[in-house]
Amino acid sequence: MRAGLTARGEDPGVVDQILALDARRRQAVTERDRLRARHKEVSRQMGQALARAHQEPSASLQAEALREEARALSQRIADLEQEARRLEAEMEGLLLTVPNLPRPDVPVGPDASGNRIVRTWGEPKAFPFSPLPHWELGERLGILDMERGASLAGSRFYVLKGLGARLQRALISWFLDVHTREHGYTEVYLPYLVRSTVLVGAGVLPKFGDNLYRDAEEDLWLIPTAEVPLTSLFRDEILPPGSLPRYYVAHTPCFRREKAAAGRDVRGIKRVHQFEKVECYKFCEPSASDQELERLVADVEDLLQRLGLAYRVVLLCTGDMGFQSAKTYDLEVWAPGSGEWLEVSSCSTCADFQARRANIRYRPAEGARPEYVHTLNGSGLALPRTIAAILENYQQEDGAVAVPEPLRPYMGVARIEPAQ
RNA sequence: GGAGGGAUCGCAUAGUGGUCUAGUGCGGGCGCCUGCUAAGCGCUUGGGGGCCCAAAAGGCCCCUCACGGGUUCGAAUCCCGUUCCCUCCGCCA
């Protein structure tokens, strides 16, 4: 565990703090339980003494003595109880700040420079002209309006119009159709506002609250990803034998304040405060999670291949992984107009990290002890960046954008023509 | 938004301050009985934590009657708060 934290660039000293707190907590609990057992016995005797008291005068004296002893015990128990709770809360608070431990095959590295490109698919498209970035294409086609988005809600908000809005809807429908009909996922519709405990379960709180929008009056938070409510679908449940793996897919909006990224990626729709995403999520047995992650990545790659978008699969190193992740693959699509690889999906296994926080267990067999499930999540896919990639990759010399084959039934057109 | 009612073991229910361990029925498990099946009989029953044990098995103890507080020597039971569910009224896409 210390090694895992060091690999992530975290201070392993927290482990010793936690262990020390736990030792003190256990000591308090043991003593408290011993006194409680005694207290129960005394109370029971007093009940009997009181029952006899109207016949034997001596019994009521006896009851008085017992009452005194019980009172003293009760006070000591309350003190120990408070001590145990304080230690437990302190330990819990520390535990919640500890990130997930990387799987053994995750490369160790300080930041994105340590990531490893696992494979690439397709060739970055060559253009006989100079390809435009999506924000210029979008404005010229009359399907993307950054200014009106800003006038409604500020920077990093945007408006999609006409075939732009329809393109987004087509992608969402097609993603959901492929995942449900061909990849075995069950579609779910989820709350976009959740309680803080749900954010804690997913590993977003307590550490990353400043990236979230929140209704303080109701203590409800806008979800930054569907992963958050999906994680807590079975919070505090024990899934019966034979119910794993379970695959879910959900389309939701995602809300992120992007405070930490102020000033970065300000052009276009690469980084925005509100965007749509289709999210794949799996619950599985621990022994299956490594294969399930590979299959999850394959399910998402399937979409990119059918869209004809060149992409690369990047295995994130320890220094670049998310807090809750044990192993993450990013899928990046080449965007010729912007001249960069756009992260359109991030597929992770959280192993039992989220399951512990949200208390999601399963019973391996009838009568067996419950164990924590493993959870996996992956975008399939994030909409704005996918739209950007499609616009930039499918732009034509005449200014139009071709519609990728799989989307034509959903779009009803084969081309998005420039606005007149 | 207003007025009520409710939450007890997997399910259904009993339980208005102590009667040692939350009762009963159903369901589940194990066993007995039994040509087969059914019925019957007996035993059993979830989760969390701590201690003993090298570990496993096992044993002992504590907690858990929606959740959190309070009253009390003692709370499923009384009081307060929260959550969720139900009924009625109002409003509403």
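The model shown is predicted, which means the values in this text are computed figures rather than measured ones. Chain A is the first sequence line, chain B the second, and so forth, proteins listed ahead of strands; every chain is numbered from 1. Side chains are part of it too, since the values below use all heavy atoms of this structure and drop only hydrogens, waters and symmetry mates.
Spacing between atom CG of A:Leu239 and atom P of B:rG10 amounts to 16 Å, rounded to whole angstrom units. Between the P atom of B:rC73 and the CZ atom of A:Arg71 lies a distance of 5 Å, rounded to the nearest Å. Across the protein-nucleic acid pair, A:Arg32 atom CZ and B:rC51 atom P stand 12 Å apart, rounded to whole Å. Rounding to whole angstrom units, NZ of residue A:Lys40 and P of B:rC73 are separated by 19 Å. Spacing between atom CZ of A:Arg36 and atom P of B:rC51 amounts to 15 Å, rounded to whole angstrom units. Remark: P of B:rG74 and CE of A:Met46 are 8 Å apart, rounded to the nearest angstrom. Put simply, CG on A:Leu35 is 12 Å from P on B:rC62, counting in whole angstrom units.
B:rU77 and B:rU72 have their C1' atoms separated by 13 Å, with the value rounded to a whole Å. Spacing of C1' atoms, B:rG6 relative to B:rC67, comes out at 16 Å, to the nearest Å. Taking the C1' atom of each, B:rG5 and B:rG58 are spaced 48 Å apart, rounded to whole Å. Between B:rC91 and B:rA3, the two C1' atoms lie 16 Å apart (nearest whole Å). Here the separation of B:rU21 from B:rC63, taken at their C1' atoms, is 15 Å to the nearest Å. For the C1' atom pair drawn from B:rC53 and B:rG59, the interatomic distance equals 10 Å after rounding to whole Å.
If you check B:rG68 for Watson-Crick or wobble pairing at under 3.5 angstrom, you find it paired to B:rC80. Across all strands shown, B:rA12 forms a Watson-Crick or G-U wobble pair, both distances under 3.5 Å, with B:rU24. With both pairing distances under 3.5 Å, B:rA54 is matched to nothing as a Watson-Crick or G-U wobble pair.
For the pair A:Arg85 and A:Arg361, both in contact range of RNA chain B, the more 5′-proximal nearest nucleotide belongs to A:Arg361. Each of A:Ala368 and A:Ala37 was assigned the nucleotide of RNA chain B with the nearest heavy atom; the assignment lying further toward the 5' end belongs to A:Ala368.
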Check your understanding: What's the verdict on side chain to side chain donor-acceptor pair (under 3.5 Å) for A:Tyr158 and A:Gln274, showing C-alpha distance, side-chain angles and the deciding distance?
Key -> CA-CA 9 Å; A:Tyr158 61 101; A:Gln274 171 188 318; over 6 Å; no

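A cation-pi contact links A:Arg246 to A:Phe234, judged by a cut-off of 6.0 Å to the six-membered ring centre and 45° from its axis.
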